[in-house]
Amino acid sequence: MECKGTDERGTISAVGLCALTTILLIGLAAVQFIRGGAGVVSEYEREMQLRLAAESGVETLAARLEQTATAFDPLPSPGETREVDVGVIPLSEKIELHTFVEMPAEGGRFLYVGAAAVDVGGPRIPDGEHWLRAKIVRAQMERKRDRYVWRRWF
């Protein structure tokens, strides 16, 4: 009988060790999941900051052109793009905003406006490369007499 008790204690110890290992692995997986989720949220927040900064630049540029077509004279020649200064736009930390006006090659009554919000905060991907993250948005405007009116995003 003594032999049987020893075998049961060994089996119970092995099962307990397996259960403890399983609980430990589940805990480590949960910690990894939570850490990964925080990184995804942070990246999404930065992408949205860039997108909203670029859209703000386009909206500001378009509002000035809606007031008067000569707001950024001289406008670029057909097929050319020119960077313009729209003034101060509040931005998140370490974001540069570049706004531009583009005259289509065919010229005419349409004008393209755009903005690029560039993340100058440094690389967020630790792979040794220097990635430059940016969001670019563009819109089309149409000339109506002495001003431009909004047509669409593209």
Report the residues that fulfil salt bridge (charged side-chain N to carboxylate O under 4.0 Å, His left out) with [X], sequence neighbours left out, ordered by chain and then residue number.
X	answer
E102	R138
E55	R51
R145	none

- What one should report as the nearest heavy-atom pair of L65 and M141 is CD1-SD, 3.9 Å

- Hey, could you give me each pair passing salt bridge (charged side-chain N to carboxylate O under 4.0 Å, His left out) that has a residue in residues 15-32? Not counting sequence neighbours.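 Not a single pair qualifies under salt bridge (charged side-chain N to carboxylate O under 4.0 Å, His left out).
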
- Query: Who else is in V41's hydrophobic cluster (ILVMFWY, side-chain heavy atoms under 4.5 Å, direct or via others)?
  - Reply: none

- Could you please spell out the steps behind the side-chain contact (heavy atoms from CB on, under 4.5 Å) verdict for T60 and V58? CA-CA 5 Å; T60 303; V58 168; over 6 Å; no

- Is R133 salt-bridged to E43, going by a charged N under 4.0 Å from an acidic O? yes

- Query: Is K94 salt-bridged to D119, cutoff N-O under 4.0 Å?
  - Reply: no

Can you give the donor-acceptor pairs under 3.5 Å from side chains of residues 20-29 to other protein atoms, not counting sequence neighbours?
from, atom 1, to, atom 2, distance (Å)
T21, OG1, L17, O, 2.8
T22, OG1, C18, O, 2.8

May I have the list of side-chain donor-acceptor pairs in residues 146-154 shorter than 3.5 Å, sequence neighbours left out?
from, atom 1, to, atom 2, distance (Å)
R151, NE, E142, OE1, 3.3
R151, NH1, E142, OE1, 3.2
R152, NE, Q140, OE1, 3.2

- Task: Keeping to residues at least two apart or across chains, list the side-chain hydrogen bond (donor to acceptor under 3.5 Å, both in side chains) pairs with something in residues 67-77.
- Result: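 Matches after skipping sequence neighbours: T68-T70.
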
- Query: Distance-only, no hydrogens or angles: does the T99 side chain make a donor-acceptor pair with backbone N or O of V84 under 3.5 Å?
  - Reply: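 Yes, the answer is positive, given that a donor and an acceptor are paired below the 3.5 Å cut-off.
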
- Query: Is there a chain of hydrophobic side chains (I, L, V, M, F, W, Y, each step under 4.5 Å between heavy atoms) that links L61 to I89?
  - Reply: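 Linked, L61 and I89 end up in one cluster.
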
- Query: Quick one: do V113 and M103 end up in the same hydrophobic cluster if we chain Ile, Leu, Val, Met, Phe, Trp and Tyr together by side-chain heavy atoms under 4.5 Å apart?
  - Reply: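 Looking at the clustering, M103 is in the same group as V113.
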
- Message: For residues 46-100, which residue pairs pass the ring pair (Phe, Tyr, Trp, His ring centres under 6.0 Å) check, not counting sequence neighbours?
- Response: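 Sorted pair list comes back empty.
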
- Counterpart residues, side chain to side chain contact (heavy atoms under 4.5 Å, CB included), relative to A117 (two or more places apart): L50, A53, A54, I95, L97

- Message: More than 12 heavy atoms of other residues, nucleotides or ligands under 6.0 Å from CD of E106: yes or no?
- Response: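 Yes.
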
Any side-chain heavy atom of [X] within less than 4.5 Å of one from [Y]?
X	Y	result
Q49	K135	no
V101	P76	yes
R143	L111	no

